[in-house]
Amino acid sequence: KAGVTQTPRYLIKTRGQQVTLSCSPISGHRSVSWYQQTPGQGLQFLFEYFSETQRNKGNFPGRFSGRQFSNSRSEMNVSTLELGDSALYLCASRKERYEQYFGPGTRLTVT
Amino acid sequence: LAKTTQPISMDSYEGQEVNITCSHNNIATNDYITWYQQFPSQGPRFIIQGYKTKVTNEVASLFIPADRKSSTLSLPRVSLSDTAVYYCLVGGPLEVFGPGTRLSVLP
C-alpha cells in the first residue's frame, strides 16, 4: 500500500511570492491534515480537511489556505511568503480513530 | 484539550530497554493515547496507540495505568537506529505536538 506522498520535496521561493504544495493521502483515507515544523516552534497544526471540507483550523494567518479534492488529494497554498515561512511542511492522512500517517514533507526555503 | 508532559531528552545504550513516560492529567474519557517517532527531516511515524492497560505490537509496548493519567512507551533492546524524537499525543489529531522526547542511543 503506497504511503502519503508530497510534492515537491524541496522548494526555494522569494519573499512576496506564493507557493502551492501537494499531498496525496493513502488510498481510502478521507482526512488530510497539514502541519508546519520549524526548529523554534516544533510541529504546529495548520488545518484538516475531510471530504473536501475544512474541518479544523490552527492558529495561522489567512495567508495559509488549503483545499481538498474529490479524490482526497489536498493542496496547501501560502501567499505573500515571508522569511519565517521557511519550514518543513508535513501532510498526514488518516482513515479512522486518531492514528495519522505522515508524508516525507516539503522543505520550503524563503529567501 | 489534554496537555502532555514528557522528558525533553533521554540517553540509552544499545541493547537496553527504554521506557519513556508521558503525563496527561487532564485526559478525557474518550481520549486515546498515541505515540509517534520522528527522524530528522522526515515526517513522524505512528508507533502505537492505546486506551487502557497494555498494548503491544512488533516495535513497542504501551502501558497505561488504571487512572490513565500517564502512559509509558517501552522500546525493547534499542539500537542506534532508534535515535529519534518520540511524541506522546492524547485525544485527536488536533492535539498539539509538544517538544517530544529526544532519545539518543549510544553504542
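In what follows, chains carry the letters A, B, and so on, assigned in the order in which the sequence lines appear, proteins first and then strands, with residues in each chain numbered from 1. Keep in mind the model is a prediction, meaning the values are calculated, not measured.
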Next on the checklist: Grouping I, L, V, M, F, W and Y whenever their side-chain heavy atoms are under 4.5 Å apart, do B/L80 and B/V18 come out in a common cluster?
Outcome noted: yes
Checklist entry - Should the ring pair A/F102 and B/Y36 be called parallel, tilted or perpendicular, given that the plane angle runs from 0 to 90° and is split at 30 and 60? => result perpendicular
Checklist outcome for this item: Looking only at heavy atoms, the pair that brings A/L90 and B/G43 closest together is CD2-CA, 3.4 Å
Item to check | A/V32 reachable from A/F64 in the ILVMFWY side-chain graph, under 4.5 Å edges | outcome: yes
Item to check | Closest heavy-atom pair and its distance - A/Q100, B/F46 | outcome: O-CB, 3.8 Å
Item to check | Heavy-atom proximity to chain B below 4.5 Å, by part of A/Q37 | outcome: side chain
Checklist outcome for this item: Most contact-rich option vs chain A, by heavy-atom pairs under 4.5 angstrom, among B/P44, B/G100, B/G98, is B/P44
Checklist entry - With the 4.5 Å side-chain cut-off for hydrophobic clustering, are B/V78 and B/V59 part of the same group? => result yes
Next on the checklist: Counting only heavy atoms not in A/N71 (residues, nucleotides, ligands), do more than 12 fall under 6.0 Å from its CG?
Outcome noted: yes
Checklist entry - Below 4.5 Å, heavy atoms only, C-beta onward: do A/L43 and B/Q38 meet side chain to side chain? => result yes
Next on the checklist: Taking CZ in A/R73 as the centre, count heavy atoms belonging to other residues, nucleotides or ligands within less than 6.0 Å. Is the count above 12?
Outcome noted: yes
Next on the checklist: If you count heavy atoms of other groups shown closer than 6.0 angstrom to OH of B/Y51, is the number above 12?
Outcome noted: yes
Item to check | Any B/Q42 side-chain heavy atom under 4.5 Å of A/P104 side chain | outcome: no
